[in-house]
Amino acid sequence: MKRSIDIGPVHLRVVLGALVGLWASSCGLHYAPRGSGGHVAAAGAIATAQLVLVLVFFMELGQHRGGLRIVALTAPLWVAILVLLMLGDVWAR
Amino acid sequence: MTPEASARTLEDEAEALEEHFESLERQREATRLGTWVFLASEVLLFGALFALYAAQRAHYPEGYVEGVRHAKVIVGSINALLLLVSGYLAASAVLALRADRRRFAAALTSGTCALGVAFLALKGWEWAMHVAAGALPGGNTAYFVEHPTPGLASYVTLYWIATVLHTIHLALGLGVMGFFALRLWQRRLTAVRAHRLELGALYWALVDCIWIVLWPLFYLMG
């Protein structure tokens with residue numbers, strides 16, 4: 001098996017720290033004064049960063065073969081296309 | 001490693017290898033790929049809900065802002081933290097078992113389960129509060145007469161569908177991780193079979209990922 005990153009307990013601890021930091025940012029953002037749309041975009045960006053950390057470190061996606069990564073990334077890609085098409089349909093009406 | 005331990009490991013490896021695979025490494029890769037395909041299908045299941053959420057929110061922005069205003073933010077946030085920490089424990093348990101630290105892996109897997117149970121308890125309490133307030137799917141209760149914002153019923157209905165579906169997945173994951181914790185305490189899951197625990201941890205991480213998306217959608221994006 002091709003390994004590009006060797007994940008160890010220290011990596012996981014650092015990632016947990018980052019995840020908790022992002023969690024706190026999300027909570028803080030909820031109580032921050034609202035802007036027009038910026039709040040939603042920031043919450044989305046934080047969630048995306050958390051997802052990437054979980055996928056790469058907790059699910060060890062960075063360690064596996066290309067075929068497995070394609071399987072893992074195809075589903076979110078289809079979901080993103082589905083969401084964009086539905087939003088396009090709503091806004092075009 | 002003593003000759004006895006080495007012989008035991010070889011015996012374990014021979015026992016763990018299914019006859020249709022030529023090596024344990026091939027077997028691990030195949031089970032990993034199969035699990036990822038399964039997880040991808042789960043993402044598509046939730047993807048339909050995310051798409052519906054996006055369309056409904058774009059159509060009724062006021063109703064969704066009102067819905068988020070009524071959400072139990074503190075409960076949802078604590079649940080998010082519980083799942084993040086439990087995901088860390090599950091991933092650490094896999095590393096511990098690979099390093100042949102079975103008792104530590106058992107403790108970490110049990111910790112994962114304990115946090116999962118705490119999530120379920122909080123979720124049950126949150127649902128009870130919504131039921132008491134009349135915030136139920138369909139929009140036919142007095143709650144929606146008191147709060148007649150267009151789209152609020154859509155938010156509440158989607159909230160129930162998404163959280164119930166997620167909780168069913170979490171309960172299944174809890175069953176899987178609980179089974180592995182038991183096997184670890186019974187010394188029936190060893191380093192040779194660490195990939196089995198890895199598959200359970202992958203499923204647990206998926207449950208974690210789904211909540212990472214649901215939490216801002218239903219609790220934070222007001």
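On a predicted model such as this, the values are computed, not experimentally measured, just so you know. In the text below, chain A, chain B and the rest are named by the order of the sequence lines, each starting its count at 1.
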Q | Under 4.5 Å from any heavy atom of chain B - which part of A:Leu19 | A | both
Q. With chain B, which of A:Ala24, A:Gly8, A:Ser26, A:Ala80 has the greatest number of heavy-atom pairs at distances under 4.5 Å?
A. A:Ser26
**Q.** Contacting moiety of A:Arg13, where chain B heavy atoms sit under 4.5 Å
**A.** both
**Q.** Carboxylate-amine/guanidinium contact B:Glu198 B:Arg28, below 4.0 Å
**A.** no
Q: Determine the interplanar angle of the A:Phe57 and A:His11 rings, folded into 0 to 90°, and report it as parallel if under 30°, tilted if 30 to 60°, perpendicular if over 60°.
A: parallel
Q: Check whether B:Ile212 gets within reach of chain A through its side chain, its backbone, both or neither, counting any heavy atom under 4.5 Å.
A: both
**Q.** Toward chain B, the part of A:Ile46 with a non-hydrogen atom under 4.5 Å
**A.** neither
Q) Given that the side chain runs from C-beta out, which part of B:Ala201 has a heavy atom under 4.5 Å from chain A: side chain, backbone, both or neither? A) neither
(Q) Rounded to the nearest 0.5 Å, what separates atom CG in A:Leu82 from atom CG in A:Leu77? (A) 11.0 Å
Q: With a 4.5 Å heavy-atom cut-off (strictly below), which parts of residues 53-76 of chain B touch chain A? List them by number.
A: B:Ala54, B:Ala55, B:Arg57, B:Ala58, B:His59, B:Val68, B:Val73, B:Ile74
(Q) I'd like to verify something: which residue of A:Val83, A:Val79, A:Leu68 has the highest number of heavy-atom pairs under 4.5 Å with chain B? (A) A:Leu68
Q | Interatomic spacing from CG in B:Leu199 to CZ in B:Phe180 - rounded to 0.5 Å | A | 6.5 Å
Q: Please look at A:Val54 and chain B and tell me whether the side chain, the backbone, both or neither of the residue comes under 4.5 angstrom of a heavy atom of that chain.
A: side chain
Q: Can you see which heavy atom on B:Met221 is nearest to which on A:Ala43, and at what distance?
A: CE-CB, 3.9 Å
Q: Please determine, among B:Ala99, B:Ala51, B:Gly47, the option with the most heavy-atom pairs under 4.5 Å with chain A.
A: B:Ala51
(Q) Can you tell me how far apart SG (B:Cys209) and CG (B:Leu214) are? Round to the nearest 0.5 Å. (A) 11.0 Å
Q. Contact part of B:Val37 toward chain A, heavy-atom cut-off under 4.5 Å: side chain, backbone, both or neither?
A. both
Q | Between B:Trp185 and B:Ser110: side-chain donor-acceptor atoms closer than 3.5 Å | A | yes
Q: Decide yes or no on ring-ring contact (aromatic ring centres under 6.0 Å, His included) for B:Trp211 and B:Tyr219, but give the supporting numbers first.
A: CA-CA 11 Å; B:Trp211 191 255; B:Tyr219 295 83; 5.7 Å; yes
Q: Look at B:Lys123 together with B:Glu126 and state whether they make a salt bridge at an N to O cut-off of under 4.0 Å.
A: yes
Q) Taking the six-membered ring for Trp, are the ring centroids of B:His130 and B:Tyr159 within less than 6.0 Å of each other? A) yes
**Q.** Which of A:Arg93, A:Met59, A:Met86 touches chain B most, by non-hydrogen pairs under 4.5 Å
**A.** A:Met59
Q | Atom group of B:Leu84 that falls short of 4.5 Å from chain A, counting heavy atoms | A | both
Q: Check the side chains of B:Trp215 and B:Ser77 for a donor-acceptor pair under 3.5 angstrom, ignoring hydrogens and angles.
A: yes
Q. Taking atom types as modelled and ignoring hydrogens, do the side chains of B:Thr112 and B:Trp204 form a donor-acceptor contact shorter than 3.5 angstrom?
A. no
